[in-house]
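Data block below; observations after.
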Amino acid sequence: MKRTRSLAATLACAALALAACGSDDSDGGTDSSSESYNVAVTQIVTHDSLDQSIAGFKQALEDEGLDVTYDDQNANNDQTVVASIAGTLASSDTDLALGVGTPMAQGLAQSIADKPILFTAVTDPVDAGLVESLEAPGANVTGTTDANPVEEQLDLIVEIDPDVARVGVVYNSGEANSAVQVQWLKDAAAERDIEVVESTVSNTAEVQQAANSLGVDAIYVPTDNTVISAFDSVVQVGESKGIPVYPAEGDSVAKGGLATYGLNYFDLGYQTGEMAVKILVDGEDPATMAVETQNEPVLYLNLGAAERMGVDIPQDVLDRADEENITE
């Protein structure tokens, strides 16, 4: 009986060895599908654009066939929670961390030095201190930027209303990404003899009052996480006063904004996911991976919002928009 068990064990070992030889890739490479990864997905707050970017990110990894366990975290726009999330991840077994939104990405970068970090939905990663330059990030952090085409957005406002003289902007001055966009807006407006009227907030509860305080011809809303989280309040002001509201991203146009030139956040997140694959599977170094962006903004229109705000959108503008980017 002992010899029988020994022979069976020998045959089993031989079969396993043959199977291993037969499954070996001809180029000696490693099949990424056999690997498993722990990826932390962290966002500063919940709103449509950030959610879409996360969906795109995860889709890219799924399309590559990666086996990923996600640790999803949301700071709910609370800097104390940002620090807590980042501190916990610093001592975790996470293979890669994604920071969605500038404050969240900053928190990760300040706490984690020995793991790759990707960011998305960050307006100016250099100004935010995340990278040394867009071309050569220099450390363990890189990703995709959602820098807005502010000049094109302002030109769109003028095209829809050539008589616009005062543009209001509501934003959280504590968000570095928003301060940068407001400066871009002021620079572009000065070249067009348009006055920019600012109204700042520190939390979502202040958004409606801030918007209501503006006596302007149009309201511009940057990709400010605080204001976008309470965007309905701005829309209510715009509709009640007949002031067109121009958000900086397309998801908010679908939620009641009038129009914008903006990025597709699902695609931006997908692009970030492709960068994650390069890091996890191909072993690329974030320090040498240039920050990426989308080069062709999309025109978004909301015809129902135009009617409610008393705006006639010129036919030339309507003709330029693709049907799938027009909300009725």
Side-chain angles (χ1 to χ4, degrees), residues 45 47-49 123 146 148-175 177-263 297 299-314 317 327:
V45 71
H47 63 69
D48 288 347
S49 295
T123 300
D146 65 348
N148 292 319
V150 174
E151 290 197 22
E152 289 88 341
Q153 291 170 341
L154 188 55
D155 285 339
L156 178 63
I157 294 174
V158 173
E159 185 176 6
I160 292 174
D161 180 9
D163 296 326
V164 65
R166 290 162 55 88
V167 173
V169 57
V170 183
Y171 70 104
N172 184 343
S173 57
E175 290 191 28
N177 51 302
S178 300
V180 167
Q181 291 174 75
V182 171
Q183 188 57 55
W184 291 345
L185 176 65
K186 291 163 73 173
D187 291 344
E191 296 175 357
R192 293 158 177 79
D193 294 323
I194 295 173
E195 180 185 357
V196 173
V197 181
E198 301 175 46
S199 187
T200 61
V201 300
S202 59
N203 57 64
T204 55
E206 299 172 355
V207 170
Q208 186 165 19
Q209 182 177 351
N212 200 47
S213 70
L214 295 169
V216 294
D217 303 310
I219 297 175
Y220 176 80
V221 180
T223 54
D224 182 289
N225 296 297
T226 303
V227 179
I228 294 299
S229 296
F231 185 68
D232 289 348
S233 299
V234 184
V235 171
Q236 288 173 13
V237 171
E239 291 180 355
S240 65
K241 291 190 168 185
I243 302 174
V245 177
Y246 296 89
E249 37 77 38
D251 291 319
S252 291
V253 171
K255 290 181 63 179
L258 177 63
T260 198
Y261 275 113
L263 307 180
L299 176 59
Y300 295 91
L301 301 174
N302 188 322
L303 304 186
E307 182 177 351
R308 291 187 293 273
M309 295 173 187
V311 177
D312 292 323
I313 299 177
V317 176
T327 300

Distance in Å, [X] [atom1] paired with [Y] [atom2], rounded so as to fall on 0.5 Å steps:
| X | Y | atom1 | atom2 | value |
| --- | --- | --- | --- | --- |
| Lys241 | Ile219 | NZ | CD1 | 8.0 Å |
| Arg308 | Ser240 | CZ | OG | 12.5 Å |
| Tyr300 | Leu263 | OH | CG | 7.5 Å |

Student check: side-chain heavy atoms of [X] and [Y] closer than 4.5 Å:
| X | Y | value |
| --- | --- | --- |
| Thr123 | Trp184 | yes |
| Asp161 | Val311 | no |
| Glu249 | Ile228 | yes |
| Leu258 | Ile313 | yes |
| Val169 | Val196 | yes |

Which pair of heavy atoms, one from Pro247 and one from Ser252, lies closest together, and at what distance?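 Taking Pro247 first and Ser252 second, the nearest heavy atoms are CB-CB, 3.5 Å.
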
Shortest non-hydrogen separation from Val253 to Ala259 and the atoms involved: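 Minimum heavy-atom contact is CG2-C, 3.8 Å.
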
The criterion is side chain to side chain contact (heavy atoms under 4.5 Å, CB included); which residues satisfy it with [X], sequence neighbours excluded?
| X | result |
| --- | --- |
| Thr327 | Ala254, Asn302 |
| Val197 | Arg166, Glu195, Leu214, Val216 |
| Ala210 | Val170, Ser199, Val201 |
| Ala188 | Glu151, Leu154, Arg192 |

Residues in salt bridge (Lys or Arg N to Asp or Glu O under 4.0 Å) with Lys186, at least two apart?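 Counting only residues at least two positions away or on another chain, Lys186 forms a salt bridge (Lys or Arg N to Asp or Glu O under 4.0 Å) with Glu198.
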
Taking only residues two or more places apart in sequence, or in another chain, which ones meet [X] in a side-chain hydrogen bond (donor to acceptor under 3.5 Å, both in side chains)?
| X | result |
| --- | --- |
| Tyr246 | none |
| Glu159 | Arg320 |
| Ser178 | Asp224 |
| Ser202 | Glu206 |

Determine yes or no for a side-chain-to-main-chain donor-acceptor pair under 3.5 angstrom, with [X] supplying the side chain and [Y] the backbone.
| X | Y | value |
| --- | --- | --- |
| Gln153 | Ala248 | yes |
| Glu175 | Thr226 | yes |
| Gln181 | Asn177 | yes |
| Asn148 | Val150 | no |

Can you list, pair by pair, the side-chain donor-acceptor contacts under 3.5 Å of residues 231-238, counting residues two or more places apart and other chains?
unit_1: Gln236; atom_1: OE1; unit_2: Gln208; atom_2: NE2; d: 3.3

Pair Val158-Ile194, side-chain contact (heavy atoms from CB on, under 4.5 Å): steps then yes or no: CA-CA 10 Å; Val158 173; Ile194 295 173; 3.7 Å; yes

Might you confirm whether atom CD of Glu307 has over 12 heavy atoms from other residues, nucleotides or ligands at distances under 6.0 Å?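 No - once you tally the heavy atoms of other residues, nucleotides and ligands closer than 6.0 Å, there are 12 at most.
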
Hey, is CD on Gln209 packed in by over 12 heavy atoms from elsewhere, all under 6.0 Å?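 No - once you tally the heavy atoms of other residues, nucleotides and ligands closer than 6.0 Å, there are 12 at most.
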
Evaluate the criterion side-chain contact (heavy atoms from CB on, under 4.5 Å) for residue pair Leu299 and Leu156; output intermediate values, then yes/no. CA-CA 9 Å; Leu299 176 59; Leu156 178 63; 3.8 Å; yes

When you look at Asn172 and Asn225, which way does the side-chain contact (heavy atoms from CB on, under 4.5 Å) test go after all the steps? CA-CA 8 Å; Asn172 184 343; Asn225 296 297; over 6 Å; no

